[in-house]
Amino acid sequence: MTVQWARGGPDLLVALDRDAGSLGSQVQEQLRAAIRDQRLGAGERLPSTRRLAEVLGVSRGTIVEVYAQLYAEGYVEATVGSGTRVAVLPASLRSSTPPDVPSIPTTPRISFEYGVPDLRSVPLTEWSWAISEATRSLPTQELGDEHPAGSRHLREVVTAYHRRVRSGCAIADDAVIVSGFRQGLTFALATIAQHGIRRIGLEDPGPREHELIARRAGLEAVPVPVDDNGIDVGRLRDSGARAVLLTPAHQCPTGVALAPSRRRELVAWADEVDGAILEDDYDAEFRYDRQPVGSLQGLDPARVIALGSVSKTLAPAIRLGWVLAPQRFVAGITEEKRLSTRGAPALDQEGLALLMETGRFDRHLRRMREIYRRRRDVLAAEVELAFGPGRLHGLEAGCHALLLLPDGTSERDVVARAAARGVQVNPLGHYRFGRSHADTVPPALVLGFGNVSEEQIRSGIRTLAMAVFEPTLT
Ligand SMILES: Cc1ncc(COP(=O)(O)O)c(C=O)c1O
C-alpha cells in the first residue's frame, strides 16, 4: 500500500510505500532527486529530523541517517544553530530532466479545521449592500481620523446587541472597536499589565498561542485545568494569578460550558484578588439545545473584559471585533489601539453597524444556526456509527466538538494517517499546556464542523475511523 505524505509549503513532497522496503532509502532517494532537479533549492532549510520523522511516521533515527548520508554526498550542509540546508550543487549533479513528482493534493479533501465558519455562507450580498450604504451615507467628517475607541455608531450598536443577545450591560462608552478578538486581547493584556497585574491563568487545554501573546504583554501565563464544568477555579486560586482568560460559552477546545456554580466562584475569586476576567465570547451565538448562557460581563461588569468578534458569525476576513471593559481599563485599551493602529476601517465599521441595526445580522445567524445544527446532527450520528456511543463531547454549542479516541491511541499517528487520506484534523495535543494535567486527558481530536458539508462530514468521519482502527503500517 502506498502512503503518501505531503507537507505544507514548498519544501517537501515525499511518497512512501510501506511495502517497498527500507523507508530510509525511499526518503533518501526522494530528497536526493528533489535536490537534483531543484524542487528543493540551494539554501532551503530542511525540516528538523524530529519534525520530518513525525510527519512521515518513521523513527527519528531513520531521518538522522538519511541526513547524514545526504551530507556525506554533498547534497546538504549542516550548520550549528541553523539546521540542515540544501547545498549549492555542482552542475554535474543537477538533473536536467523535468521533476517526476507524484501528484499529491497539498490542500486536504476534507478539513475539520477548528474555528472556521461556513465560508460559502458568508452573507456577501448583505455585506456589499451594507458597505455601499455606508459609503453613500457616512458623513464627510467621518472620513478623517476616527475617535481611537472606534465609530460611535458601531459602539452603540454592538453594546445594544450585547445587552439584548448576551445579557450584557455595557454601553457605548465601555466599548473599543478592534480588528477581531486577537487584537482586542493584545490591547487588553497590555492594559491589565499596566494596572499591575503580573500573572494570568489560561485554560488548559486551550489555544497555546495565548501564552505567547500574554508573554509579549509582559505577563506570566499559567495553565489552569479545565474539567467537565469548565475552568477549575480552585486551581486558578492556587495559581496566584490575578487575571484569567477563558471561553465560558463553549470552551476552546473541549466544548464544555462554564457551569453556573463555577461562574459564581469565578466572580468571587476576581473580587478576592482584585483581578480581571477576560471573557472570550467566541461561539456564544451558536447554542442548539437551550438558550445561550449570558455573558459573564453582565454578571460582573466591574471585573469582566468581554471580547467579541465577527470572525465566527460573519467571516474571519472581515476582521472586526470589540472589547467591552470596565471604565478603569477603557482609556488604556483605547490608548493601546491609538498607538498601534490609530483606528479601524471607518466604512467597514459603519457597514457592520448597518448590518446589525437592520436585522440582517440576526437573520444570518438564524440561518447559520440551522445549517450548523444539521451538520452537528450528522456528525453525532456518523461518529456514533463509526466509533460507538459517548465518544463526542461539547456538542451543545458552537462549531466544534471533541472526539475521544480509544485509550492508548496515538493522536499524532491518527492525524498523519488521516492526512494521507486527504482529511485534515487537529489533535487535542496541540492545545495542551501542562504536562501533569495533559496525562489525565484521554487522546482526542478536535473536530471543527463549520466549514464542511454534511456529505464531507459523512465521508470524513469514515476516513477518520479507518485512520484510528487500521493497524499501524510502520
Ligand atoms: C478561541 C478563539 N477565540 C476567538 C477567535 C477569534 O479570533 P479573531 O476575532 O481574531 O479572528 C478564535 C479564532 O479562531 C479562537 O480560536
Side-chain angles (χ1 to χ4, degrees), residues 1-109 111 113 208-209 212 410-427 429-432 467 472-474:
M1 175 183 179
T2 300
V3 180
Q4 295 184 316
W5 300 95
R7 185 164 127 56
D11 49 356
L12 212 56
L13 209 52
V14 177
L16 287 188
D17 184 345
R18 289 174 188 269
D19 296 324
S22 157
L23 295 177
S25 307
Q26 292 181 50
V27 178
Q28 197 174 300
E29 265 165 38
Q30 290 184 45
L31 286 183
R32 202 187 280 118
I35 295 170
R36 269 197 175 144
D37 55 44
Q38 291 156 67
R39 278 175 289 134
L40 286 174
E44 225 174 317
R45 192 180 180 145
L46 296 184
S48 68
T49 50
R50 185 191 306 277
R51 170 82 189 126
L52 185 55
E54 250 178 43
V55 172
L56 297 179
V58 302
S59 77
R60 189 167 169 213
T62 302
I63 302 298
V64 169
E65 272 177 37
V66 167
Y67 279 18
Q69 184 61 32
L70 292 175
Y71 175 72
E73 293 172 10
Y75 285 92
V76 299
E77 45 198 28
T79 320
V80 178
S82 102
T84 305
R85 290 179 186 275
V86 175
V88 180
L89 291 194
S92 59
L93 276 184
R94 276 185 234 134
S95 108
S96 51
T97 50
D100 175 21
V101 195
S103 65
I104 302 170
T106 47
T107 41
R109 187 167 53 88
S111 171
E113 184 54 79
R208 297 285 310 260
E209 284 187 342
L212 298 177
S410 156
E411 290 175 1
R412 214 183 51 197
D413 289 353
V414 169
V415 168
R417 285 201 289 267
R421 295 178 148 100
V423 173
Q424 192 254 320
V425 64
N426 287 321
H430 281 180
Y431 297 85
R432 289 189 171 112
T472 309
L473 293 169
T474 45

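If you're wondering where the values come from, they're calculated on a predicted model, not measured in any experiment. As a basis for the values below, the full set of heavy atoms in this structure was taken, side chains included, without hydrogen atoms, waters or symmetry mates.
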(message) Among residues at least two apart in sequence or on other chains, which ones pass side chain to side chain donor-acceptor pair (under 3.5 Å) with R85?
(response) S82

(message) Run the side chain to side chain donor-acceptor pair (under 3.5 Å) test against E411 and tell me which residues pass, sequence neighbours left out.
(response) R432

(message) Going by the rule side-chain contact (heavy atoms from CB on, under 4.5 Å), which residues pair with R50 if we only count those two or more places apart in sequence or in a different chain?
(response) S48, E54, R60

(request) Supply the atom-to-atom distance S410 OG to R417 CZ, rounded to the nearest 0.5 angstrom. (result) 7.5 Å

(request) Enter the distance from R51:CZ to L56:CG here, rounded to the nearest 0.5 Å. (result) 9.5 Å

(request) Over all heavy atoms of both residues, which pair between Y71 and E77 is shortest? Give the atoms and the distance, please. (result) CD1-CA, 4.0 Å

(request) Answer yes or no: is there a side-chain heavy-atom contact under 4.5 Å between V425 and V415? (result) yes

(request) With sequence neighbours excluded, tell me which residues meet side-chain contact (heavy atoms from CB on, under 4.5 Å) with A34. (result) R39, L40

(message) Test of understanding: with side chain to side chain donor-acceptor pair (under 3.5 Å), list the residues that count as partners of T84, not counting sequence neighbours.
(response) none

(request) Check whether more than 12 heavy atoms from other residues, nucleotides or ligands sit under 6.0 Å from atom CD of Q69, and answer yes or no. (result) yes

(message) Can a donor-acceptor pair be found, under 3.5 Å and without considering hydrogens, that links the side chain of R109 to the backbone of R421?
(response) yes

(message) Is there a side-chain contact between L52 and L46 in this structure, where contact means two heavy atoms from C-beta onward sitting under 4.5 Å apart?
(response) no

(message) To check you understand the geometry: which heavy-atom pair defines the closest contact between A418 and A467, and what is its length?
(response) N-CB, 3.8 Å

(message) I'd like to check T62 versus V27 (side-chain heavy atoms, cut-off strictly below 4.5 Å). Are they in contact?
(response) no

(request) Identify the heavy atoms of G74 and A87 that sit nearest to each other, and give their distance. (result) O-CB, 3.4 Å

(request) Please identify each residue that fulfils side chain to side chain donor-acceptor pair (under 3.5 Å) with Q424, with sequence neighbours left out. (result) S111, E113

(request) With rounding to the nearest 0.5 Å, note down the distance linking CG in L70 to CD in E65. (result) 11.5 Å

(message) Would you compute the distance between atom CD of E209 and atom NE2 of H430 and round it to the nearest 0.5 angstrom?
(response) 11.5 Å

(request) Answer yes or no: is there a side-chain heavy-atom contact under 4.5 Å between Y67 and T49? (result) yes

